[in-house]
Amino acid sequence: MPELPEVETTRRGLLPHLVGRRVEGAVVRNGNLRWPVTRNLDRRLRGAKVVDIRRRGKYLLFDFPEGHLLVHLGMSGRLSLVPRDQPARSHDHVDVRLEGAQLLRLTDPRRFGAMLWVAGPAEDHALLRGLGVEPFDEAFDGAALQRLARGRRVAVKHFLMDAHVVTGVGNIYASEALFHAGIHPLRSVARIARARWDDLAIAVRDTLTRALAAGGTTLRDYAQADGSPGYFQHESAVYGRAGLPCRRCGTPIRMQRQGQRSTFHCPSCQK
DNA sequence: CTTTGCACCTGTTGGC
DNA sequence: TGCCAACAGGTGCAAA
């Protein structure tokens, strides 16, 4: 999926076009996502005016006076603003029709995403309540990571990708941040000293910041709200670079399976 | 409680 | 060319 930089880029792209605008209705062509799309979405949204768009981890929250539309992009999801008369293609599952000539379209080939109406306070929703610290929150630092790791022994890459620990870091940026911190992805969190936790927190924030500046990473499905791709894949240090020389020391980058995911690291820079 | 592996789903790629 | 296995931005859940 889109990780934090892709979700945030989407949010920023939509914000100026949506806030203050009214929804005229919604069309659900295929509500079979990770969870069924809220029934009667059309009735819930009709006439409602968008107040704000927020992000929590990899979730987007469209705020209305009447409630919130919670959206997750899964692995292959994408939100785009398109002309109202643009014909729907095969994986265009939901259209939110806006006043004016445009609609907000959710496209998601793998259907791991979600679109749910939340009536009460969004923070109380089960999917959001257990989420961990935001990487750009001031509470996020080496000390916080070390505290969260207490009593655990999982591999640090797994730990970083756990949204109940830190939000927004997925498979690409976990590999990238660990490279910049010089930490081996398989290292147990029980064997990381304080100074290295500091390095890691800085590396996570720095990696996400640079990805954000590049408009995110486009491997295949992801695109910004206006349809343009992200460019971070061109500056990745290790992700997708198996066999290529490490940009720092020249050693070939290694790819291996960790859990069910591919992990990339430099055997000589990361210990 | 923690850790591990599966499940969900479709499309693309690479090897034979 | 065709076929099939492996792999792709995630994460809730069951089992141990």
Side-chain angles (χ1 to χ4, degrees), chain A residues 1-11 29-37 55-60 70-80 89-93 106-116 125-132 135 148-177 185-190 204 207-208 210-212 214-225 229-236 238-243 255-264:
Chain A
M1 135 191 186
E3 304 181 40
L4 185 151
E6 293 76 32
V7 177
E8 179 63 18
T9 300
T10 299
R11 188 187 76 85
R29 284 184 208 82
N30 184 353
N32 240 318
L33 304 188
R34 172 102 203 236
W35 296 282
V37 171
R55 180 188 59 75
R56 176 75 175 101
K58 298 173 190 169
Y59 290 91
L60 283 173
L70 182 61
V71 177
H72 195 289
L73 299 176
M75 287 280 261
S76 57
R78 154 183 175 180
L79 283 171
S80 46
R89 316 223 312 206
S90 58
H91 300 108
D92 296 339
H93 306 311
L106 175 68
T107 308
D108 186 359
R110 295 179 71 179
R111 289 190 273 117
F112 289 171
M115 185 175 269
L116 302 169
H125 194 278
L127 291 172
L128 301 185
R129 201 160 357 126
L131 292 180
L148 288 161
R150 190 156 23 205
R152 300 191 57 179
R153 51 193 63 239
V154 276
V156 62
K157 183 180 175 244
H158 262 305
F159 181 73
L160 268 190
M161 290 174 65
D162 182 351
H164 298 280
V165 174
V166 194
T167 60
V169 182
N171 201 38
I172 295 177
Y173 302 118
S175 279
E176 291 294 300
L186 292 174
R187 174 173 286 271
S188 163
V189 294
V204 165
T207 300
L208 295 176
R210 286 185 295 111
L212 214 35
T217 298
T218 295
L219 296 185
R220 32 164 51 94
D221 302 296
Y222 172 73
Q224 303 184 38
Y231 294 97
F232 187 76
Q233 62 276 18
H234 303 299
E235 24 181 315
S236 105
V238 290
Y239 187 87
R241 300 193 65 245
M255 174 178 125
Q256 62 197 128
R257 283 319 263 184
Q258 183 177 355
Q260 274 75 256
R261 318 300 296 275
S262 292
T263 293
F264 299 83

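Below, all heavy atoms of this structure are taken into account, side chains as well, without hydrogens, waters or symmetry copies. Residue numbers start from 1 in every chain, and the chains themselves are labelled A, B, ... in the order their sequence lines are given, proteins ahead of strands. Keep in mind that this is a model prediction, so the values were computed, not measured.
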Can F112(A) be said to stack with the base of dC8(B), given centres closer than 5.5 angstrom and planes under 30 degrees apart?
yes

What is the distance, rounded to the nearest whole Å, between atom CE of M161(A) and atom P of dG12(C)?
13 Å

Ranking dT10(B), dG10(C), dT3(B) by distance to the side chain of H91(A), first place goes to dT10(B)

Any side-chain N or O of H164(A) under 4.0 Å from OP1/OP2 of dG12(C)?
yes

Rounded to whole angstroms, how far apart are CG on L219(A) and P on dT10(B)?
21 Å

Between dC9(B) and dC13(C), how many Å separate the two P atoms, rounded to a whole number?
16 Å

If you check every side-chain atom of R152(A), which of dA8(C), dG10(C), dT3(B) has the closest atom?
dT3(B)

Compare every heavy atom of E176(A) with every heavy atom of V238(A), then report the nearest pair and how far apart it is.
N-OE2, 2.9 Å

Taking N and O atoms by type only, does the side chain of R110(A) place a donor or acceptor under 3.5 Å from a partner on the base of dA8(C)?
yes

Would you indicate which nucleotide in dG12(C), dA8(C), dT11(C) comes nearest to any side-chain atom of M75(A)?
dA8(C)

So, for H93(A) and R111(A), which heavy atoms are closest and what is the spacing to 0.1 Å?
NE2-CG, 3.3 Å

On DNA chain B, compare the nucleotides closest to G259(A) and R34(A); which residue's is nearer the 5' end?
G259(A)

Between P109(A) and A155(A), who's closer to the 5' end of DNA chain B by nearest nucleotide?
A155(A)

Where do V169(A) and E3(A) come nearest, in terms of heavy atoms and distance?
C-OE1, 3.7 Å

Whole Å only: how far is the CG atom of L128(A) from the P atom of dT11(C)?
12 Å

Interatomic distance, Y222(A) OH vs dT12(B) C1' [rounded to whole Å]
21 Å

Heavy-atom closest pair, residues D108(A) and L73(A):
OD2-O, 4.1 Å

Report the distance from atom CZ of R257(A) to atom C1' of dC7(C), rounded to the nearest whole Å.
6 Å

Using only heavy-atom distances, determine whether the side chains of R257(A) and S262(A) contain a donor-acceptor pair under 3.5 Å.
yes

Nucleotide paired to dC9(B) in any strand shown, Watson-Crick or G-U, under 3.5 Å
none

Mind calculating the distance between CG (D221(A)) and P (dC9(B)) to the nearest angstrom?
17 Å

D92(A) CG to dG11(B) P, straight-line distance once rounded to whole Å
13 Å

Is there a side-chain polar atom (N or O) of R89(A) under 4.0 Å from OP1 or OP2 of dT10(B)?
no

Does A163(A) or Q260(A) map to a spot on DNA chain C nearer the 5' end, using the closest nucleotide for each?
Q260(A)

With distance as the sole criterion, is a donor-acceptor pair present between the side chains of T218(A) and Y231(A) under 3.5 Å?
no

For dT2(B) and H158(A) - does any side-chain N or O of the residue sit under 4.0 Å from the phosphate oxygens OP1/OP2?
no

Expressed as a whole number of angstroms, how long is the span from N30(A):CG to dC8(B):P?
16 Å

Please determine whether a side-chain nitrogen or oxygen atom of S76(A) lies at a distance below 4.0 Å from atom OP1 or OP2 of dT10(B).
no

What nucleotide, of dA8(C), dG10(C), dC9(B), holds the atom closest to the side chain of R111(A)?
dC9(B)

